[in-house]
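Worksheet: the structure to be examined is printed underneath.
These figures come from a predicted structure and were not determined experimentally. One is the number of the first residue; the rest follow in order along the sequence.
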Amino acid sequence: MSVKEAAAKIKSMETRGALKIAVAAAKALEQEIMDGASYDSLLASGDILRDARPTAVSLPNAINYVLHLAQEHEHDDPAVARPMLLADVSDYISRLETSKEKVAEIGSGLVEDGDVILTICNSDTVVSVLKRAHKQGKRFSVYACETRPRLQGHITARALQAAGVDVTLIVDSAAYYTAKSKGVKKVMVGADTVYGSGEVINKIGTSQVALIAKTLGLPVLVCTESIKLSPYSLQGDSVEIEERDSSEVAELPGIRIFNPAFDITRAEDITTIITEYGLTTPAEISKLIEEKFAWALK
Ligand code: RUB
């Protein structure tokens with residue numbers, strides 16, 4: 001797929017979810033390299049892809065890593081350098097794709113028989129964790145917040161139902177009542193960006209669900225591949241919280257509508273962060289970022 005097509009699909013949310021947009025961007029750049037693009041034109045393509053959506057750091061992380069690989073070969077003979085670069089990029093894309101399965105393997109270990117799990121939005125990573133736990137024979141049920149205004153909770157509910165997981169859809173405002181009355185035992189959410197401070201940016205409403213969990217003394221587990229960790233946050237940078245069109249919420253002429261697509265969950269409201277490297281905590285996450293993103297922090 002071309003860079004312009006990939007960027008358009010990310011912008012329109014046909015391609016969505018923090019891991020999928022990262023993989024789509026890396027694949028679009030891989031295609032450009034195959035087509036013989038110069039380093040300068042790869043930089044321009046990186047800008048187009050980076051601008052497609054602002055909040056998930058997985059997108060700039062993937063783009064910047066491919067550009068970092070390309071820069072290493074910038075002055076080499078293309079006939080020799082291009083196959084080497086393509087091999088590195090393809091290896092990187094496979095690692096991105098397999099990181100989800102590793103999180104699923106590790107995360108499924110935290111799902112117990114009898115669990116009642118609350119989730120929000122549609123995180124492929126969370127769905128993979130739950131599907132893996134179900135395959136292991138664990139008996140648990142899931143409540144999925146519908147996730148206004150785009151209703152990504154429907155995607156989660158359908159995916160879990162298709163996999164045979166016991167799932168119930170609820171409206172977002174039923175989260176506290178459901179957690180209390182249905183005996184929710186843990187909250188499991190995905191991530192778009194994880195800061196070195198341990199704060200987690202995910203779909204709007206995640207921070208409310210985490211506050212509910214805190215009030216009820218429930219653990220909040222964040223399932224995230226390391227591509228969603230922000231090295232730039234260690235340098236003081238923050239991501240922009242995407243604000244989407246008011247028409248997603250309602251068509252009410254003359255009424256002002258605020259439609260933020262993501263929010264920031266406080267580090268103190270998160271119990272565990274599950275990555276492909278294992279279990280960690282908000283307090284420890286900056287160490288993992290420093291270790292895995294040395295190339296970006298130079
Ligand atoms: C998606 C969202 C997901 C994360 C993680 O928001 O907030 O929880 O991106 O997803 P949107 P995944 O629908 O606006 O893209 O685990 O699939 O990477």
Problem set entry | N/O donor-acceptor pair under 3.5 Å between R16 side chain and N122 backbone | yes
Distance-only check: which donor-acceptor pairs under 3.5 Å involve side-chain atoms of residues 231-243, not counting sequence neighbours?
from : atom 1 : to   : atom 2 : distance (Å)
Y232 : OH     : N64  : ND2    : 2.8
S233 : OG     : G196 : N      : 2.9
S233 : OG     : S230 : O      : 2.7
E242 : OE1    : R53  : NE     : 2.9
E242 : OE1    : R53  : NH2    : 2.8
E242 : OE2    : R53  : NE     : 3.4
E242 : OE2    : R244 : NH1    : 2.6

Exercise. With sequence neighbours left out, what residues match E276 under side-chain contact (heavy atoms from CB on, under 4.5 Å)?
Worked result: S99, K102, V103, E225, S226
Exercise. Would a 4.5 Å heavy-atom cut-off, applied to side chains only, mark I201 and Y195 as touching?
Worked result: yes
Problem set entry | Approximate separation, where rounding is to 0.5 Å, of T178 OG1 and K180 NZ | 12.5 Å
For this session: Looking only at non-hydrogen atoms, find the nearest pair between A26 and V89 and report the distance.
Result: O-CG1, 4.4 Å
For this session: Give a yes or no on whether the backbone of S2 and the side-chain of E5 come within a donor-acceptor separation of less than 3.5 Å.
Result: yes
Problem set entry | E101 side, atom CD; I106 side, atom CD1 - distance, nearest 0.5 Å | 11.5 Å
Exercise. Backbone N or O of V57 within a donor-acceptor pair of the T193 side chain at under 3.5 Å?
Worked result: yes
For this session: Decide yes or no for Q136 and V111: does some side-chain heavy atom of the first lie under 4.5 Å from some side-chain heavy atom of the second?
Result: no
Exercise. Is a donor on one side and an acceptor on the other found under 3.5 Å between the side chain of K27 and the backbone of A6?
Worked result: no
Exercise. Does any donor atom in the side chain of D40 or S38 lie under 3.5 Å from an acceptor atom in the other side chain?
Worked result: no
Problem set entry | L85-L29 co-clustered via ILVMFWY side chain contacts under 4.5 Å | yes
Problem set entry | Check ion pair K138-D115 (N to O, under 4.0 angstrom) | no
For this session: Kindly say whether S207 contributes a backbone atom to a donor-acceptor pair with the side chain of D263 at under 3.5 angstrom?
Result: yes
Exercise. If we only count heavy atoms from C-beta on, is the E30 to I93 side-chain gap below 4.5 Å?
Worked result: yes
Problem set entry | Closest non-hydrogen atom pair between A18 and D192, with its separation | CB-OD2, 3.6 Å
List, one per line, each side-chain donor-acceptor pair under 3.5 Å for residues 143-150, sequence neighbours excluded.
from : atom 1 : to   : atom 2 : distance (Å)
T147 : OG1    : C121 : N      : 2.8
T147 : OG1    : C145 : O      : 2.8
R148 : NH2    : V249 : O      : 3.1
R150 : NH1    : E248 : OE2    : 2.8

For this session: Could you grab the distance from atom OG1 of T156 to atom CG of L130, nearest 0.5 Å is fine?
Result: 9.0 Å
Problem set entry | L288 side, atom CG; I273 side, atom CD1 - distance, nearest 0.5 Å | 9.0 Å
Exercise. Does Q152 offer a backbone N or O that forms a donor-acceptor pair with the side chain of K203 under 3.5 Å?
Worked result: no
Problem set entry | Close side-chain approach of K9 to M1, heavy-atom, < 4.5 Å | yes
